[in-house]
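Below: one structure, written as structure tokens.
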Amino acid sequence: MLIKKLIFAIIVACIIFTVSCGDSNNQNVNGDSISKTDNTNPEEKNEETGEIAEARVLPDLPEQNYGGYKFTWLAFDYGVSHPGSVSQFPRELVAEEGDGDIIIDATYRRNLTISEKYGVEFEMITTTNEKTTLNKAVKAGDDIYDAAMIFNNNAPGVMSADLLLDTSKLTYVDWDKPWWDSAIKAISIAGKNFFLAGDIMILDKEAINVLFFNKKLMADNNMELPYQSVLDGKWTFDKLDSYIKDFSKDLNGDGVIGKGDMLGLYIMSDAFHAFYVSGGGLLAENDRNGIPQPTFGSEQSILVMDKIADVLFGKEYVTNFHTNQWGTEWDMYASFNEGRMLTMWGRLYVLDSLRNMDDDFGILPLPKYSESQEKYYSDVNSYSGYMIGIPKSASNPERTSVILEALAAESRYTLLPAYYDITLQRKFTRDEESGAMLDILFSTTVYDSGGAYNFADTWIQMSGLCGKEDRNFASWCEKYELKVQQAIDKMVAQVEAME
């Protein structure tokens, strides 16, 4: 097993973030192979273990010294929504020395390396409204911001307002290198891509949809841990259903399954889209000309929705936050923390709220539609996490591309191991098997353009179907297909008019 056998440096070098060329139905899904390059450092022998580390990949960049240029990030400040939750603040951009936080220390070391090599300094300015801030700068021709970290929910508005550069203008950003997550190119429109994601950041990974499960409860109920099913490709909707079936128990004797009772699975309504993607569905997908097309009305898509409903709707052992109004979202998380919930849907950032949980827990990818499905698909939640965009007012895109490529390449060997190996595997998760699950999650990321751009509110409306436990999927699809097509046509026209 990758996580079990290899040391810290090898783990980092082996994590795979590339996109499979795949068939036309899965063009936006990451593959399992890494791009080859001759631009590497020689293999090195680890003095402690004697093992040979994989050659480090180097960026193809010119020798440059920017004479102390201050590279300025604009970043959306999400804040903290609850004392028990992790802040989605982009702490991976700029950091001071000696903080003691693993991520911040790694950020400091990465930035110091790039600062010394390229003669740059780094600054971050935060905002609670990226669109307004960027619109003011771009319209005024103010080049104060070199790059922006944009909240996923806000990214469509920023892009459609013609505030961002097409990433093809970033000369030295090399998508073939392993530090970029090319899955994000699935949300390109008319051949133009406005967003970056990858090792340079951690908040894109924090937005991945996952399942958490309580290992102690499974042991107490003589259940086999799901890890082997995942590795064997047999982790399916039906398999999940078999785990949570009839698990809920009325502990307080009030005749109602709710707060204080034993629960099988907790979801919120936007989990439906996450399960839909994990089952092979998309709301929209680019055709061969790079134009998004609605895909949710296909026969297979409706079959996937029906199967999800079979698992999630109308079951006593599935607690939907939006149909079981017995507490807040944080009461739900508390139920899992307190050992009264077998499985829980969430985004990876929820891990931080579980750090003091007494019971051991594990992480799983969301299940497949069936065993015949080629691979797992790990949706990057459209309403969580961040993307990187370059303001149109940035005065020197070539310089920006050199610095971003250098930061991303260095991040693969500093920031990524801090997040992947230490923060997740050692600090939060309680077993080595969860590390293997993370390998799967990070190598199968999916960006659904229909979810990312929420054409005609379909992402929100799909969540509404889950909230109402409405199974009229065929009629819903028929109702929204034309609306989505019209919304796509409008956005395509806007993008094609952009210089």
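Numbering of residues begins at 1 and proceeds along the displayed sequence. All of these numbers come straight from a predicted model, not from anything done at the bench. Computation of the quantities below employed the complete heavy-atom set of this structure, encompassing side-chain atoms and omitting hydrogens, waters and symmetry-equivalent molecules.
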For this session: Rounded to the nearest 0.5 Å, what's the gap from OG on Ser434 to CD1 on Ile363? Could you check?
Result: 5.0 Å

Exercise. Quick one: are Trp180 and Ile200 in side-chain contact, heavy atoms under 4.5 Å?
Worked result: yes

Exercise. Quick check: does any side chain N or O of Tyr386 sit under 3.5 Å from a backbone N or O of Phe76, one acting as donor and the other as acceptor?
Worked result: yes

Problem set entry | Gap between atom CG of Leu231 and atom CE of Met437 - 0.5 Å precision | 4.0 Å

Exercise. Are side-chain heavy atoms of Leu415 and Trp179 found at a separation under 4.5 Å?
Worked result: no

Exercise. Taking the inter-plane angle between the rings of Trp235 and Tyr243 on a 0 to 90° scale, is it parallel (under 30°), tilted (30 to 60°) or perpendicular (over 60°)?
Worked result: perpendicular

Exercise. Side chains of Phe71 and Thr400: closer than 4.5 Å at any heavy-atom pair?
Worked result: yes

Exercise. When you check the gap from the basic side-chain N to the acidic O, do Asp199 and Lys177 get nearer than 4.0 Å?
Worked result: no

Exercise. Just by distance, do the side chain of Asn286 and the backbone of Ser188 share a donor-acceptor pair under 3.5 Å?
Worked result: yes

Seminar exercise, completed: Closest heavy-atom pair, Arg412 versus Pro417, reported as atoms and distance to 0.1 Å, is O-CD, 3.4 Å

Exercise. Passes side chain to side chain donor-acceptor pair (under 3.5 Å), Tyr66 versus Arg399? Steps please.
Worked result: CA-CA 9 Å; Tyr66 294 112; Arg399 178 183 59 206; over 6 Å; no

Exercise. Got a donor-acceptor contact below 3.5 angstrom from the Lys216 side chain to the Asp359 backbone?
Worked result: no

Acceptor/donor pairs from residues 112-120 side chains to any protein atom, 3.5 angstrom cut, sequence neighbours excluded:
| unit_1 | atom_1 | unit_2 | atom_2 | d |
| --- | --- | --- | --- | --- |
| Thr113 | OG1 | Arg109 | O | 3.0 |
| Ser115 | OG | Asn111 | O | 2.7 |
| Ser115 | OG | Val120 | O | 2.9 |

Problem set entry | Given Thr72, Leu74, Leu93, the one that forms side chain to side chain contact (heavy atoms under 4.5 Å, CB included) with Met124 | Leu93

Problem set entry | Donor-acceptor under 3.5 Å (Asp166 side chain, Lys169 main chain) | no

For this session: Measure from the side-chain N and O atoms of Thr167 to the backbone N and O of Asn193, and report whether any donor-acceptor pair falls under 3.5 Å.
Result: yes

For this session: Answer yes or no: is there a side-chain heavy-atom contact under 4.5 Å between Met491 and Met159?
Result: yes

Exercise. Of all heavy-atom pairs between Asp431 and Tyr227, which one has the smallest distance, and what is that distance?
Worked result: OD2-OH, 2.5 Å

Seminar exercise, completed: Between the CD atom in Glu432 and the CD atom in Gln425, the distance rounded to the nearest 0.5 Å is 8.5 Å

For this session: Given side chain to side chain contact (heavy atoms under 4.5 Å, CB included), test Val277 with His273 step by step and report yes or no.
Result: CA-CA 6 Å; Val277 172; His273 177 262; 3.6 Å; yes

Exercise. Distance from Asn209 atom CG to Tyr276 atom OH, nearest 0.5 Å?
Worked result: 15.0 Å

For this session: Please assess Asn214 against Phe361 for the test side chain to side chain contact (heavy atoms under 4.5 Å, CB included), listing each intermediate value before the final yes or no.
Result: CA-CA 5 Å; Asn214 186 307; Phe361 64 90; 5.5 Å; no

Exercise. Distance-only, no hydrogens or angles: does the Lys215 side chain make a donor-acceptor pair with backbone N or O of Gly362 under 3.5 Å?
Worked result: no

Seminar exercise, completed: Shortest non-hydrogen pair, Glu130 vs Phe151, comes out as OE2-N, 2.8 Å

Problem set entry | Value rounded to 0.5 Å, distance of CZ in Phe122 from OH in Tyr108 | 12.5 Å

Exercise. Where do Leu170 and Leu196 land on the side chain to side chain contact (heavy atoms under 4.5 Å, CB included) test, with the steps shown first?
Worked result: CA-CA 11 Å; Leu170 301 175; Leu196 300 168; 4.1 Å; yes

Exercise. Shortest non-hydrogen contact from Ser443 to Lys375?
Worked result: O-NZ, 4.4 Å

Seminar exercise, completed: Contacts of Asp162 meeting salt bridge (charged side-chain N to carboxylate O under 4.0 Å, His left out) (sequence neighbours excluded), chain-then-number -> Lys392

For this session: With side chain to side chain donor-acceptor pair (under 3.5 Å) as the test, would you mind laying out the steps for Lys131 and Asn135 before giving the verdict?
Result: CA-CA 6 Å; Lys131 184 177 178 180; Asn135 187 67; over 6 Å; no

For this session: Apply side chain to side chain contact (heavy atoms under 4.5 Å, CB included) to the pair Phe213 and Leu342, showing each step before the final yes or no.
Result: CA-CA 6 Å; Phe213 72 95; Leu342 184 67; 5.7 Å; no

Problem set entry | Which atom of Asp146 lies closest to which atom of Ile390, heavy atoms considered | O-CG2, 3.5 Å

Exercise. Are any side-chain N or O atoms of Asp448 and backbone N or O atoms of Ala452, one a donor and one an acceptor, separated by less than 3.5 Å?
Worked result: no

Exercise. Does any non-hydrogen side-chain atom of Leu416 lie less than 4.5 Å from one of Phe442?
Worked result: no

Exercise. Do Tyr453 and Ile488 come close enough that some side-chain heavy atom pair is under 4.5 Å?
Worked result: no

For this session: Taking side-chain hydrogen bond (donor to acceptor under 3.5 Å, both in side chains) as the test, write out the residues that go with Asn396, two or more places apart.
Result: none

Seminar exercise, completed: Result for side-chain hydrogen bond (donor to acceptor under 3.5 Å, both in side chains) between Tyr383 and one of Asn154, Asn152, Asn454 points to Asn454

Problem set entry | Contact summary for Ser449 and Ala186, nearest pair of heavy atoms | CB-O, 3.8 Å

Exercise. With a 4.0 Å cut-off, would you call Lys205 and Asp181 a salt bridge?
Worked result: no

Exercise. Would you call Leu441 and Val210 a side-chain contact if the rule is heavy atoms closer than 4.5 Å?
Worked result: yes

Exercise. Would you say the side-chain atoms of Asp105 pair up with the backbone N or O of Gly100, donor to acceptor, closer than 3.5 Å?
Worked result: yes

Exercise. Judged by atom type as modelled, is there a donor-acceptor pair below 3.5 Å linking the side chain of Asn337 to the main-chain atoms of Ser353?
Worked result: yes

Exercise. Counting N and O atoms only, with roles assigned by atom type, does the side chain of Asn320 sit under 3.5 Å from a partner on the main chain of Cys466, one being a donor and the other an acceptor?
Worked result: yes

Exercise. Is any side-chain heavy atom of Met341 closer than 4.5 Å to a side-chain heavy atom of Thr319?
Worked result: no

Problem set entry | Gap separating the CG atom of Leu163 from the NZ atom of Lys136, nearest 0.5 angstrom | 14.0 Å

